[in-house]
Structure formats: C-alpha cells, structure tokens
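Below is one structure, written out as structure tokens; the observations come after it.
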Amino acid sequence: MNPYKINNIKEILEKNVYLGRGLVIGKSEDGNHAVFAYFITGRSENSRNRIFLESKDEVVINPCDASKVKKSDLIIYSPVKKIKNHVIITNGDQTDTIYDFIKNGKTFEQALETRKFEPDIPNFTPRISGIITFEDKEFYYKISILKSMDENGTHCSQYIYKYSPMHGLGHFIHTYINDENPLPPFYGEPLRVKIPDNIDDFANSIWNNLYKQNKISLYVQYINIKDQKSESRLINKNKIRGNKI
C-alpha cells in the first residue's frame, strides 16, 4: 500500500452505497484556490427530506417538506459558515459551536472539546468538522472527527489533523464506512484525493458517483487564495415543497 497515493474521489464513491455525510478540503492543482466540498446522503424519509440553501456567508439545510419533519435537531443545521479569515464546514450544529468560539477569540480545538459524537443510538454518528484559515496570501486547514470509542457510546475519541496545502491534493473524510446496521464509523486518517483546477469537474466527479437512491445535496466552493473571492456549485436532488422552517 502506497501511503502517498492520491486517489480519484470517483473511485472511492462509486464503490460505496452509503458513506453518510462527506467533507473534502484541499488545494487546486494550479495552486490558486482553496477548495472544499460537503455532501449529504440519507437512507430514511426524514434524512432525504432536505435541501441546501445558500446565503452570503452561510449554507443552510432546510426540509423540502416541513410537514414531514419528524426530528430536526440532527438533520437541520448550517454546514458552512464564514467568520473573519475562516471557513467552517461540518456535518452538524457544531458549526455554530466553532463559530461562537472563534467569535470570542478561542479556537477550533477548544470548541470541539465541548462536543462529542451524535446521540443517535445505535449508530453514534461521528461529528466531522473542517476549518480553512487564510493568512499571508496562503491558507492551512484542519479536519476533525469525534467518534465513539465503543459500540455503547461510553467514551468519545477526538482526532484533529492539520495540513499545509499541497497543489492538487485534498483530504476526504466521511461519517460511515459502508451500509450496515448499525452503521460502522469512519476510521483511519482522512483519504488523500485529487483536486482538479475546474470546479465543475470536481463537483460532477462527486455528484455523479454518489449512490443515486441515497444522494441528497452537494456544495462545492473554490476560493481564490489571493483575494478570497469565491465560486461555488450547489446541487440538490429535491426542491422545496411548502414553507421553509
């Protein structure tokens, strides 16, 4: 096994029916852009009843049909928020925890020390989080996973990885390994994946290779390192029906 191999994300996705939620952060091949992608998939009607909406400095999740929402606390949240020179990307309401800590002069690590995996027995879904920090016409990024140390949810393990960006390289982490019951959590280091220069190529390589029945939404953004101007792609399988909540 080559530890320096850079994988094509297409090959990872097409082999798996269910990876849950996924997060990629890295640098475009030409070195001009910080890149991130976040996707959600779902097996239940409640999970599939979702859509991404974009505002100026935030991406939010809303139900497609508010009348069908059964439990919103683990499926309705802001996966992306920007504050100061940071971009926060997560799979839950820990986005707000990290945002509030940074707003008050504290750190990504300090914020996550107050959280643990999701309380969805028996899966104990890991919380995956990422942050991109721009400084001195460059950036660095961190990726974290909080997950149960055993099948009973008795203890939480916290892993944080910090990366200096390398041209064409991204790191990919997702909540589950495959489609089983209970769902087995991600393990090992974030996977090394290729980041192309073209945002549409990257977005399509993710969206087109997520399992059709389970994929819900995808958000991809390329941020110019010099001026932090961004270009994004948002893809939803569903449309809003009725009123938003």
Side-chain angles (χ1 to χ4, degrees), residues 1-26 36-50 52 61 70-71 73-75 77 79 89-92 94 115-130 143-161 169-195 202-220 235-238:
M1 181 177 179
N2 180 3
Y4 301 111
K5 179 183 178 181
I6 302 178
N7 302 284
N8 188 323
I9 198 168
K10 170 183 180 295
E11 296 171 355
I12 298 172
L13 297 176
E14 68 183 2
K15 295 175 183 177
N16 291 277
V17 171
Y18 192 55
L19 296 178
R21 288 159 276 177
L23 165 64
V24 184
I25 304 178
F36 73 86
Y38 179 70
F39 67 78
I40 58 174
T41 62
R43 302 183 301 175
S44 68
E45 182 182 10
N46 195 43
S47 292
R48 292 175 177 177
N49 181 34
R50 293 185 288 174
F52 282 0
I61 297 177
K70 295 178 181 178
K71 186 174 181 177
D73 58 331
L74 295 179
I75 66 167
Y77 55 92
I89 315 104
T90 91
N91 73 327
Q94 72 267 27
R115 304 302 304 267
K116 64 177 186 177
F117 49 85
E118 295 180 0
D120 57 336
I121 301 169
N123 297 314
F124 302 110
T125 297
R127 291 190 186 272
I128 55 174
S129 307
I143 293 175
S144 168
I145 182 168
L146 307 178
K147 62 180 183 177
S148 178
M149 290 178 66
D150 62 20
E151 65 273 17
N152 299 314
T154 59
H155 294 79
C156 180
S157 296
Q158 180 187 91
Y159 302 87
I160 295 179
Y161 303 88
L169 174 66
H171 290 89
F172 175 36
I173 195 167
H174 43 87
T175 51
Y176 312 123
I177 294 301
N178 51 41
D179 189 14
E180 296 180 13
N181 285 302
L183 290 159
F186 182 92
Y187 64 87
E189 292 186 22
L191 305 171
R192 293 160 60 93
V193 295
K194 296 176 183 178
I195 306 288
F202 191 47
N204 289 335
S205 69
I206 298 173
W207 185 252
N208 292 341
N209 291 287
L210 289 169
Y211 188 67
K212 184 177 180 180
Q213 281 73 20
N214 293 333
K215 65 183 178 181
I216 301 170
S217 296
L218 167 68
Y219 186 79
V220 178
I235 306 174
N236 286 311
K237 185 176 181 180
N238 303 310

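Computed from heavy atoms alone, side chains included, the values below leave out hydrogens, waters and symmetry copies.
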Q.
Tell me the closest heavy-atom pair linking Y176 and D120, and the distance in Å.
A. OH-OD2, 4.2 Å

Q. Is the closest side-chain heavy-atom distance between F52 and I40 below 4.5 Å?
A. yes

(Q) How long is the straight-line distance from CD of Q158 back to CE of M149, given to the nearest 0.5 Å? (A) 12.5 Å

Q: I would like to know whether R21 and E118 meet salt bridge (charged side-chain N to carboxylate O under 4.0 Å, His left out); could you show each step before the answer?
A: CA-CA 13 Å; R21 288 159 276 177; E118 295 180 0; 3.2 Å; yes

Q. So which heavy atom on P184 is nearest to which on N178, and how close?
A. CG-OD1, 3.2 Å

Q. side-chain contact (heavy atoms from CB on, under 4.5 Å) between Y211 and D179: does it pass, once the steps are laid out?
A. CA-CA 11 Å; Y211 188 67; D179 189 14; over 6 Å; no

Q | Student check: side-chain heavy atoms of R43 and N181 closer than 4.5 Å | A | yes

Q) Is a side-chain donor or acceptor of N7 paired with a backbone partner of V193 at a separation under 3.5 angstrom? A) no

**Q.** Check: P79 main-chain N/O paired with T90 side-chain donor or acceptor under 3.5 Å
**A.** no

Q: Report the distance from atom OH of Y18 to atom OG1 of T175, rounding to the nearest 0.5 Å.
A: 6.5 Å

Q: Start with the C-alpha gap between N214 and V17, add the side-chain angles, then the distance that decides, and say whether side-chain contact (heavy atoms from CB on, under 4.5 Å) holds.
A: CA-CA 8 Å; N214 293 333; V17 171; 3.7 Å; yes

**Q.** Positive for side-chain contact (heavy atoms from CB on, under 4.5 Å) with I25, one of I173, I89, I195
**A.** I89

Q) Any sub-3.5 Å donor-acceptor pair from N152's side-chain atoms to T154's backbone N or O? A) no

(Q) Once rounded to the nearest 0.5 Å, what's the spacing between atom SG of C156 and atom CG of L146? (A) 5.0 Å

Q.
Contact between F124 and E151 at the side-chain level, heavy atoms closer than 4.5 Å - yes or no?
A. no

Q) How many angstroms lie between atom CD1 of I206 and atom CG of N204, to the nearest 0.5 angstrom? A) 9.5 Å

**Q.** Non-hydrogen side-chain atoms of L13 and L19 separated by less than 4.5 Å
**A.** yes

Q: State whether the number of non-hydrogen atoms from other residues, nucleotides or ligands found under 6.0 Å of K237 atom NZ is greater than 12.
A: yes

Q.
One pair to check against side-chain contact (heavy atoms from CB on, under 4.5 Å): N91 and Y38. What are the steps and the verdict?
A. CA-CA 8 Å; N91 73 327; Y38 179 70; 3.2 Å; yes

(Q) Before you tell me yes or no, could you show the steps for F186 and I145 under side-chain contact (heavy atoms from CB on, under 4.5 Å), namely the whole-Å CA-CA distance, both residues' side-chain angles and the distance that decides it to 0.1 Å? (A) CA-CA 9 Å; F186 182 92; I145 182 168; 4.0 Å; yes

Q) Would you call F39 and W207 a side-chain contact if the rule is heavy atoms closer than 4.5 Å? A) no

Q: Measure the spacing between CG of N238 and CG of N49 and express it to the nearest 0.5 Å.
A: 7.5 Å

Q) CD1/I6 to NE2/H171 distance, rounded to the nearest 0.5 angstrom? A) 8.5 Å

Q: Indicate whether any N or O donor in one side chain lies under 3.5 Å from an N or O acceptor in the other, for R127 and Q94.
A: yes

Q.
On a heavy-atom basis, which atom in S47 and which in G42 lie closest, and how many Å separate them?
A. CB-CA, 3.9 Å

**Q.** Exercise: identify the closest heavy-atom pair between I9 and S205
**A.** CG2-OG, 3.6 Å

Q) Would you call the rings of F172 and H174 parallel, tilted or perpendicular if under 30° counts as parallel and over 60° as perpendicular? A) tilted

Q: Answer yes or no: is there a side-chain heavy-atom contact under 4.5 Å between K10 and K194?
A: no

Q | A37 to F202 - nearest heavy-atom pair and separation | A | CB-CE2, 4.0 Å

Q. Without hydrogens or angle criteria, can the side chains of N236 and R50 be said to hold a donor-acceptor pair below 3.5 Å?
A. no

Q | Residue pair S148 / G153: nearest heavy atoms and the distance that separates them | A | OG-CA, 3.2 Å

